[in-house]
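Below you'll find the structure, written out as structure tokens, and then a few comments.
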Amino acid sequence: MAAMTATGRPLLNRRLAEFGTTVFAEMSALAVATGSINLGQGFPDTDGPESVREAAVRALRDGRGNQYPPGPGIRELRAAVAGHQRRFHGLEYDPETEVLVTAGATEAIAAALLALVEPGDEVIALEPYYDSYAACVALAGGVRVPVTLRPTTDPAPAYRLDPDELRAAVTPRTRLLLLNTPHNPTGTVLGREELTAIAELAVERDLLVVTDEVYEHLVFDGEHVPIASLPGMRERTVTISSAGKTFSFTGWKVGWVTGTPELVAAVRSAKQYLTYVSAGPFQYAVAEALALPDDYYTTLREDLRAKRDLLVDGLRAVGLTVYRPAGTYFVTTDIRPLGEKDGVAFCRALPERCGVVAVPNAVFYDRAEEGAHFVRFAFCKREEVLREAVERLRRL
């Protein structure tokens, strides 16, 4: 029962009434309580580069960032983000007016939606979607409209976007498309053809696009194409990324936004009343991290590719149908071959059954039945941990 005031009014803002404790908190607590291997929440079990960690220590000792950094982020990091976009994607952004530093990608998404969405505006998001998307649309007073990535097993298990379904979802009230590629939780990487169709639709219907690209360097099959690089898209796209997934310092919560001066100014107007600033010393360290040589990014990708293959092979050996991810560090499985149908019940029982924690995909859907029998595992763990998890899962 919802908490009430003494006069019987709900305590929680009605826009958030449908949202409780996140599934990640629930499953991580379950992992601790049962001593299970946590393949649910997506955080690495090792730190990122020592040189980057030392850069943070150096900033702390030198007194850089221990007090409020500038509201838009320190100049060094904004320049590094602009340099990253030029280096990897050929996109030019002015660090003074077209880059904004945020408290991770989650705050960037919240600020973008609060800034750009009016109450009653429709926001189309690719379902299944990361749970904060739904909450942020609700906080902005928007109406979320899911367009579902559909699982297929032909020619191999994968999730696909139907451009016709996306087009049909657009109405006169549609304000914004909220994209995520590489996509969590399915591991889908939207290809150039799919993104071109989305871009053409956005231009035709004069839609804004907010795109979450935090897994941009974790692409194993295909390529990452920023939608802002396509014709007509730079002026209508807010691109979001962060340091957490690329450099394995998820606790630092350093993210960023790039876009036109007008879009960045709008997002900053909302962001300044959320955290205002954060992670001062870590901003200096992330600026150095973004300048790491190409072989860092190559090694990161190849290491995770090997871990993906290890876990995919292990899950297949257990008997699950596995949707091999083209990107991210998550793999989705269908539990029906094991005689299971309820992913939530399966994940809650899994720690006691074999000492492993996963996340049910149903929580990423508006229509929970669409994802009822799918379960997500994370492979951003040490190889020996993944091998042990696979051995434990064999008990199923």
Side-chain angles (χ1 to χ4, degrees), residues 18-28 30-31 34 36-42 125-134 144-162 165 180 182-189 308-379 386 389-390 392-396:
E18 66 180 287
F19 305 102
T21 302
T22 72
V23 69
F24 307 108
E26 178 187 350
M27 292 302 164
S28 290
L30 193 57
T34 60
S36 297
I37 295 174
N38 189 354
L39 301 188
Q41 193 167 8
L126 301 184
E127 185 184 52
Y129 37 68
Y130 186 61
D131 59 354
S132 80
Y133 295 0
R144 64 183 184 271
V145 178
V147 171
T148 307
L149 298 177
R150 305 287 180 186
T152 177
T153 56
D154 183 22
Y159 281 77
R160 301 282 182 239
L161 171 66
D162 182 346
E165 186 175 347
N180 174 212
H183 182 264
N184 173 19
T186 68
T188 299
V189 176
R308 175 199 65 171
D309 294 346
L310 188 164
L311 185 58
V312 164
D313 292 345
L315 294 171
R316 283 176 177 160
V318 169
L320 296 163
T321 298
V322 179
Y323 292 82
R324 181 188 180 94
T328 77
Y329 44 50
F330 303 108
V331 54
T332 287
T333 63
D334 188 334
I335 61 175
R336 286 177 294 182
L338 297 182
E340 305 276 357
K341 295 181 179 179
D342 185 339
V344 174
F346 177 84
C347 287
R348 285 176 174 159
L350 196 60
E352 292 294 342
R353 291 176 67 184
C354 64
V356 175
V357 164
V359 165
N361 281 26
V363 301
F364 303 125
Y365 288 81
D366 275 13
R367 302 174 291 257
E369 65 275 10
E370 294 272 2
H373 45 269
F374 296 107
V375 168
R376 191 195 80 175
F377 295 85
F379 54 86
L386 294 174
V390 168
R392 293 185 183 190
L393 287 165
R394 292 183 190 276
R395 301 173 193 169
L396 297 174

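For the numbers below, each heavy atom of this structure counts, side chains included, while hydrogens, waters and symmetry mates do not.
Side-chain N or O atoms of Arg308 include one that pairs as donor or acceptor with a backbone N or O of Pro325 at under 3.5 Å. Looking at Asn180, its side chain does come within 3.5 Å of a backbone N or O of Pro182 through a donor-acceptor pair. Distance alone, capped at 3.5 Å, places no donor-acceptor pair between the Thr332 side chain and the Phe374 backbone. Judged by distance alone, the side chain of Asn361 and the main-chain N or O of Arg376 form a donor-acceptor pair under 3.5 Å. A donor-acceptor contact shorter than 3.5 Å is absent between the side chain of Arg392 and the backbone of Val356.
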Donor-acceptor pairs under 3.5 angstrom involving side-chain atoms of residues 314-323: please list them, not counting sequence neighbours.
none

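Closest non-hydrogen pair, Asn38 versus Ser28, comes out as ND2-OG, 3.2 Å. The nearest pair of heavy atoms linking Thr148 to Glu370 is CG2-OE1, 4.4 Å. Thr34 and Pro351 get closest at one heavy-atom pair: OG1-CB, 3.5 Å. Minimum heavy-atom separation, Val357 to Ser36: CG2-CB, 3.9 Å. In this structure, Val189 and Gly327 approach most closely via the heavy-atom pair CG2-N, 3.7 Å. The minimum heavy-atom distance between Pro185 and Phe330, with the atom names listed, is O-CB, 4.0 Å.
Taking Ala134 as the reference, Phe19, Tyr129, Arg144 meet the side-chain contact (heavy atoms from CB on, under 4.5 Å) condition, with sequence neighbours excluded. Looking at residues two or more places apart in sequence or on another chain, you find a ring-ring contact (aromatic ring centres under 6.0 Å, His included) between Tyr130 and Phe24.
No more than 12 heavy-atom neighbours from other residues, nucleotides or ligands sit within 6.0 angstrom of CD on Glu352.
The shortest side-chain heavy-atom distance between Asp366 and Glu127 falls under the 4.5 Å cut-off. Between Pro128 and His183 the shortest side-chain heavy-atom distance falls below 4.5 Å. When side chains are defined from C-beta on, Val344 counts as touching Arg348, because their heavy atoms get closer than 4.5 Å. Using a 4.5 Å cut-off on side-chain heavy atoms (C-beta onward), Ile37 and Leu386 make no contact. Counting only heavy atoms from C-beta outward, the side chains of Arg353 and Phe346 approach each other to under 4.5 Å.
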